[in-house]
Amino acid sequence: MTTHTTTPVQRVSALTGRLIVPLQRGYLNDESPAVAALARLRRGAGKDVSQMPDLWGLADTGPLHDRPAEGGRPLSESGLLRAENAVYAALTLWALHQQSRGTAMHRPGSDTAPRALGAAVRRLMPPGEIAEPIRKRLVRAGTAPGLTALNQRLRELVLLLRGSDIPLDYALLAGQLYSWQEPSGREAVRRMWGRSFHSYRAPDQNEAGTPAAADDTTDSTDKDAS
C-alpha cells in the first residue's frame, strides 16, 4: 500500500481553493455575507496581513495547524507563518480581482487552459506580440525584495487582469507564494512564472468552443464598486 504524503505547498494550495470557492459562489449569487467578506478582504490586497487585524479570523486557516491525514509532519512555526502569509495574500488579491466581476476570477488551470500567473499576464498582450511595459511588471514582481513588495507588485498585475476579465488560479498562486518565502525558493518561483509566460499560446477557441476573443466575458453588474 502506497502512502501519499501531502507537502506544505499542496496543503496551502488546497486550503486556498477550499476557502475561495464558497466565497466566490456566494459573491456571484449576490449573497450579502460573501459580498461583505470580499469587501473586507480586498482592503488587504498588497498589504502585510499583520497590518490588517480586521482580516484575522475572516478565513479559517486552522487546518494548517493539523497533522496531514495523508501522512507527513505538521508545519513548523516558520512554516505556519509562511503558509498563513501565502493564504491571506492569495485571498486578498483574489477578492480585489473578483470585485465587480460577473464571472469567476479564480479558476483552476489545466493543460488546455493554463491559468498560472505568467500565462495570465501573457494573455494581456496581443497574440504574437510582447508588450514590454506589461512584461516588466511581471519581472518586477519576480524580483521583489520582500513579501510586502511582492504583494504590492502582484496587486498591480491583478488590477490589469481584472480590467481585462482574465482569471487566475489562486490556489496555484498561494502555493507559489509559500515556496517564494522559503530559502532558495524565489528563484524556483521566478522560473515557474517565466516558463508559464513564455509557453502560453493563445488558443483558436476556448474550452466552451466559442472564439477566444469572447472568453471570460462578464456582465455589467457593479454590486460593490465603491
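Hydrogens, waters and symmetry mates are skipped; everything else that's a heavy atom, side chains included, is used.
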Could you walk me through whether Arg155 and Thr92 pass the side-chain contact (heavy atoms from CB on, under 4.5 Å) test, one step at a time?
CA-CA 9 Å; Arg155 184 182 189 278; Thr92 56; over 6 Å; no
Does a side-chain heavy-atom distance below 4.5 Å link Arg18 with Pro63?
yes
Worked check of side-chain contact (heavy atoms from CB on, under 4.5 Å) between Arg140 and Gln152
CA-CA 10 Å; Arg140 287 186 72 245; Gln152 292 168 347; over 6 Å; no
Verify, without hydrogens or angle tests, whether Asp60 (side chain) and Gly62 (backbone) share a donor-acceptor contact under 3.5 angstrom.
yes
Could you tell me the separation between the CG atom of Leu15 and the OH atom of Tyr178, rounded to the nearest 0.5 Å?
13.0 Å
Atom OH of Tyr27 and atom CH2 of Trp94: how far apart are they, to the nearest 0.5 Å?
9.0 Å
Backbone of Leu177 reached by a side-chain donor or acceptor of Gln181 within 3.5 Å:
yes
Leu58 side chain reached by Leu91 side chain, heavy atoms, under 4.5 Å
no
Salt-bridge contact Glu156-Arg153 (side-chain N to carboxylate O under 4.0 Å):
no
Rounded to the nearest 0.5 angstrom, the CE-CG distance for Met192 and Leu117 is 12.0 Å
Please find the pair of heavy atoms, one from Gly118 and one from Leu138, that lie closest to each other, and give the distance.
CA-CD2, 4.2 Å
Step-by-step side-chain contact (heavy atoms from CB on, under 4.5 Å) determination, Thr16 to Val12
CA-CA 6 Å; Thr16 301; Val12 167; 4.2 Å; yes
Check for a donor-acceptor pair, side chain of Gln24 on one end and backbone N or O of His106 on the other, with a separation under 3.5 Å.
yes
Ala171 and Ser13 have their tightest heavy-atom pair at O-OG, 2.9 Å
Do Val139 and Leu160 land in one hydrophobic cluster if side-chain heavy atoms of ILVMFWY residues count as linked below 4.5 Å?
no
Report yes if some heavy atom in the side chain of His65 is under 4.5 Å from a heavy atom in the side chain of Leu80; otherwise report no.
yes
Test side-chain contact (heavy atoms from CB on, under 4.5 Å) applied to Asn151 and Tyr88, step by step:
CA-CA 10 Å; Asn151 288 340; Tyr88 274 105; over 6 Å; no
Is Arg11 reaching over with its side chain to a backbone N or O of Leu64, donor-acceptor style, under 3.5 angstrom?
yes
Should the heavy atoms of other residues, nucleotides or ligands under 6.0 Å from CD of Glu77 be counted, would the total exceed 12?
no
Would you compute the distance between atom OG of Ser164 and atom CD1 of Ile134 and round it to the nearest 0.5 angstrom?
7.5 Å
Quick one: does Thr103's side chain get under 4.5 Å of Asp165's, heavy atoms only?
no
NE2-CD1 distance between His97 and Ile20, expressed to the nearest 0.5 angstrom
11.0 Å
Do Arg135 and Phe197 make a side-chain contact, defined as non-hydrogen atoms from C-beta onward lying under 4.5 Å apart?
yes
Donor-acceptor contact below 3.5 Å, side chain Arg201 vs main chain His198:
yes
From Glu132 CD over to Met125 CE, what is the distance, rounded to the nearest 0.5 angstrom?
8.0 Å
For Arg186 and Pro145, indicate whether the former's side chain and the latter's backbone hold a donor-acceptor pair under 3.5 Å.
yes
Is it true that a side-chain atom of Arg162 and a backbone atom of Arg101 form a donor plus acceptor pair closer than 3.5 Å?
no
So which heavy atom on Leu93 is nearest to which on Gly46, and how close?
CD2-N, 4.5 Å
Heavy-atom pair with the smallest gap, counting every atom of Ala149 and Ala144
C-CB, 4.0 Å
Val158 vs Met105 side-chain heavy atoms within contact, under 4.5 Å:
no
Which atom pair, heavy atoms only, marks the closest approach of Ala104 to Pro167?
O-CB, 3.9 Å
Indicate yes or no: at least one non-hydrogen side-chain atom of Arg137 is less than 4.5 angstrom from one of Val121.
no
Does Leu124 belong to the same Ile/Leu/Val/Met/Phe/Trp/Tyr cluster as Ile130, with side-chain heavy atoms less than 4.5 Å apart forming each link?
yes
If two hydrophobic side chains count as joined below 4.5 Å and joins carry through other members, does Leu172 share a cluster with Leu147?
no
Are side-chain heavy atoms of Leu23 and Leu41 found at a separation under 4.5 Å?
yes
Looking at every non-hydrogen atom in both residues, tell me the closest pair between Asp169 and Gly109 and how far apart they are.
OD2-N, 3.0 Å
Would a hydrophobic clustering, with Ile, Leu, Val, Met, Phe, Trp and Tyr connected at side-chain separations under 4.5 Å, put Val87 with Leu150?
yes
Partner residues of Glu129 under the side chain to side chain donor-acceptor pair (under 3.5 Å) criterion, sequence neighbours left out
none
